[in-house]
Asks: 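I am attaching a structure below and will ask some questions about it afterwards.
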Amino acid sequence: MTTVRIPAGWPATEEQARAVQDELRERVVLDEQGPPPGTGHVTGVDVAYDDDHDLVVAAAVVLDAASLEVVAETTAVGRISFPYVPGLLAFREIPTVLAALEALPCPPGLVVCDGYGLAHPRRFGLASHLGVLTGLPTIGVAKNPFTFTYDDPATPRGNAAPLLADAEEVGRALRTRDAVKPVFVSVGHRVSLDNACAHTLALTPDYRLPETTRRADSLCRRALREATP
DNA sequence: GCGACAG
DNA sequence: ATCTTGTCGC
């Protein structure tokens, strides 16, 4: 497991963090379709925290997009680099996630984040931020609607409804299991919303959450347990 | 002004 | 995110 230092010049205040978002948001690419589902690699990233020891552990798990078999996995540990502030989650997770991604022995392909991309109060969530910093295609798949609204999609798996900020569609509430609460998909970088939803469905043959985030979640929790004094 | 709010 | 037992079901 690689060890991470908080980058020099990392934002220390909410004001600085918002200024960074404003600057990086200009570099988001929204006019690409992204890789087709079922081909190449798909990588899940997630983090776990131990606030008592000021520790954060990130995991990156690369799956073969066709078989959903694990191709590679890495973890990284670091100090918590920012408090949890809704809207500024990326500043808490990104240094450690970047280290885990950089430690991979193969290209990640599409990166699936636990959280939002465009569906963000300032239209620059974790998935957008990670995409701009790495240049990789990214999407966000979140478990909760955050501040957004939606109408319940029809009961069968595969149905979706717009995720709305007022009248603006910022993502989609996508049903991945029949009659089970939907997940909330949004675009990060270099992927269309339709394609992001298609990937999410390809990654959910058995469970509500994508295999990528399930694998990354269990790996970073296990790594945190093993790294905790 | 206050509360709610991805993880 | 994290704190937390048992329980119902495939």
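Here is the naming used below: chain letters follow the sequence lines, and residue numbers restart at 1 for every chain.
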Asks: In the single-linkage hydrophobic clustering (I, L, V, M, F, W, Y; side-chain heavy atoms under 4.5 Å), do Phe184(A) and Ile139(A) co-cluster?
Replies: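 Not linked; separate clusters.
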
Asks: Does Tyr49(A) have its ring centroid less than 6.0 Å away from the ring centroid of Tyr84(A)?
Replies: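 No, too far apart.
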
Asks: Between Thr204(A) and Arg157(A), does any side-chain donor sit less than 3.5 Å from a side-chain acceptor?
Replies: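 Short answer, yes.
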
Asks: Please name all residues satisfying side chain to side chain contact (heavy atoms under 4.5 Å, CB included) with Glu73(A), sequence neighbours left out, ordered by chain then number.
Replies: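 Here the qualifying residues are Val61(A), Val70(A), Leu219(A).
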
Asks: Got more than 12 heavy atoms from elsewhere within 6.0 Å of CG, Asp166(A)?
Replies: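 Count not over threshold, so no.
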
Asks: Represent DNA chain B in dot-bracket notation, 5' to 3'. Only Watson-Crick or G-U wobble pairs with both distances under 3.5 Å count; pseudoknot-style crossings use [ ] and interstrand partners use |.
Replies: .......

Asks: Hey, which of Thr213(A), Leu209(A), Val183(A) is the one that makes side chain to side chain contact (heavy atoms under 4.5 Å, CB included) with Lys143(A)?
Replies: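 Of Thr213(A), Leu209(A), Val183(A), side chain to side chain contact (heavy atoms under 4.5 Å, CB included) with Lys143(A) is met by Leu209(A) alone.
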
Asks: Which stems, defined as runs of 3 or more consecutive Watson-Crick or G-U wobble pairs with both pairing distances under 3.5 Å, involve DNA chain C?
Replies: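 Output for stems: empty, none.
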
Asks: Closest approach of Arg27(A) and His189(A), non-hydrogen atoms and distance?
Replies: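 Distance-wise, the nearest heavy atoms are O-CE1, 3.5 Å.
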
Asks: Just by protein heavy atoms under 4.0 Å, how would nucleotides 4-10 of chain C read 5' to 3' in B, S and -?
Replies: -------

Asks: Which of parallel (below 30°), tilted (30 to 60°) and perpendicular (above 60°) describes Phe91(A) and Phe82(A)?
Replies: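 Geometry flag for Phe82(A) against Phe91(A): tilted rings.
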
Asks: Can you give one letter per nucleotide of nucleotides 1-7 of chain B, 5' to 3': B if a protein heavy atom sits under 4.0 Å from the base, S if only from the sugar-phosphate, - if neither?
Replies: ----BBB

Asks: Give, ordered by number, those residues of residues 192-208 of chain A having at least one heavy-atom distance below 4.0 Å to an atom of DNA chain B; if nothing qualifies, reply none.
Replies: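 Result for residues 192-208 of chain A: none.
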
Asks: Is Glu226(A) salt-bridged to Arg222(A), going by a charged N under 4.0 Å from an acidic O?
Replies: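 Arg222(A) and Glu226(A): not salt-bridged.
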
Asks: Where is the tightest heavy-atom contact between Ala76(A) and Ala100(A), given as atom of each residue plus distance?
Replies: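 That would be CB-N, 3.8 Å.
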
Asks: Tell me: CZ of Arg221(A) to C1' of dT2(C), nearest whole Å?
Replies: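 Taking CZ of Arg221(A) and C1' of dT2(C), I get 9 Å after rounding.
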
Asks: Using modelled atom types only, decide if a donor and an acceptor are shared between the side chain of Arg215(A) and the backbone of Leu63(A) within a distance under 3.5 Å.
Replies: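 The answer is no, because no donor-acceptor pair under 3.5 Å joins these two groups.
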
